[in-house]
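Not measured: the values here are computed from a predicted model.
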Amino acid sequence: ILTDLFMVIVLKDTLEKRGVLGQIKARIRAEVFNALDDQSEPRPPLSHENLLINELIREYLEYNKYKYAASVLTAESGQPAVPLDRQFLAKELNIAEDANGKSVPLLYGILSHFLHGGKEGSTQNTLPKVSLLNYPKQNFGKPPSERSQK
């Protein structure tokens, strides 16, 4: 019994060190949600504002590789399965981006804009230049420009 307990502890430790245990837990949560989700109950209509907010959140989640959280958000909110085009989203929000800002989710630029009190841009809704040094390098995966387009 003690050897089995030791093996479980070593296995858990190994999975944690590899970063796999968190992924497994997230996958289990997503699968439990999908199993418990009542598909017979219709979702309320998705307002234009909620559609945009959910899309900003989904872009952030996918950028940071929180794919199970993104899939639960999509399923639970009734968000379309195909992400909105980033240019469409920026246009809807009246955001003009510079080249640096396009490499990170729009939420990072919006947050940076408000953290700096809107002082870095012009009087328009131009987001400030976003320093890529402020964001974790391990998260620089697929650029938002390579996302699926509607």
Side-chain angles (χ1 to χ4, degrees), residues 9 11-39 41-150:
I9 292 170
L11 179 60
K12 181 182 176 196
D13 186 50
T14 302
L15 291 174
E16 281 178 348
K17 285 180 182 175
R18 292 183 182 171
V20 175
L21 190 59
Q23 292 174 349
I24 292 171
K25 288 179 179 180
R27 177 64 189 237
I28 290 171
R29 279 191 224 95
E31 291 301 326
V32 168
F33 169 78
N34 287 333
L36 297 175
D37 187 29
D38 185 4
Q39 296 292 331
E41 186 177 320
R43 303 247 182 266
L46 194 58
S47 72
H48 183 69
E49 291 80 9
N50 282 356
L51 177 75
L52 297 175
I53 291 167
N54 290 345
E55 196 58 42
L56 288 170
I57 294 168
R58 176 173 32 192
E59 181 188 36
Y60 162 81
L61 292 172
E62 289 177 354
Y63 175 82
N64 285 289
K65 300 189 184 347
Y66 301 147
K67 62 183 178 179
Y68 300 115
S71 70
V72 170
L73 170 71
T74 303
E76 192 170 23
S77 67
Q79 194 78 2
V82 177
L84 297 175
D85 178 58
R86 182 185 171 101
Q87 290 176 337
F88 170 80
L89 192 57
K91 184 177 179 183
E92 284 293 299
L93 297 171
N94 296 316
I95 296 172
E97 298 182 277
D98 64 13
N100 287 338
K102 290 183 180 182
S103 64
V104 296
L106 288 168
L107 273 178
Y108 283 119
I110 293 168
L111 180 64
S112 178
H113 177 75
F114 286 105
L115 285 175
H116 295 101
K119 296 173 187 169
E120 290 186 21
S122 64
T123 56
Q124 300 175 346
N125 291 332
T126 304
L127 291 181
K129 292 183 179 177
V130 177
S131 169
L132 300 180
L133 299 175
N134 296 334
Y135 305 105
K137 289 186 178 171
Q138 72 271 16
N139 293 333
F140 291 124
K142 190 174 180 182
S145 62
E146 291 181 19
R147 291 170 33 136
S148 300
Q149 296 191 1
K150 186 173 180 181

The criterion is salt bridge (charged side-chain N to carboxylate O under 4.0 Å, His left out); which residues satisfy it with Arg27, sequence neighbours excluded?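 Residues passing salt bridge (charged side-chain N to carboxylate O under 4.0 Å, His left out) with Arg27: Glu31.
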Separation of [Y] [atom2] from [X] [atom1] (nearest 0.5 Å):
X     : Y      : atom1 : atom2 : value
Arg29 : Lys25  : CZ    : NZ    : 7.0 Å
Lys91 : Asp85  : NZ    : CG    : 11.0 Å
Leu89 : Glu55  : CG    : CD    : 6.0 Å
Leu56 : Ile110 : CG    : CD1   : 5.0 Å
Lys65 : Gln23  : NZ    : CD    : 10.5 Å
Tyr60 : Leu111 : OH    : CG    : 10.0 Å

Can you name the closest pair of heavy atoms from [X] and [Y] and give their distance?
X      : Y     : result
Gln79  : Leu51 : NE2-O, 3.0 Å
Val82  : Arg58 : O-NH2, 3.8 Å
Pro105 : Arg86 : CA-NH1, 3.8 Å

Applying side chain to side chain contact (heavy atoms under 4.5 Å, CB included) to Glu92 and not counting sequence neighbours gives His48, Leu52, Phe88
Which of Asn54, Leu106, Leu107, Val104 passes side-chain contact (heavy atoms from CB on, under 4.5 Å) with Glu59? Answer is Leu106
Under 3.5 Å donor-acceptor, [X] side chain and [Y] backbone:
X      : Y      : answer
Asn50  : Leu46  : no
Ser71  : Tyr68  : yes
Ser112 : Tyr108 : no

Exercise for review: Please assess Asp13 against Lys17 for the test side-chain contact (heavy atoms from CB on, under 4.5 Å), listing each intermediate value before the final yes or no.
Suggested key: CA-CA 6 Å; Asp13 186 50; Lys17 285 180 182 175; 3.2 Å; yes
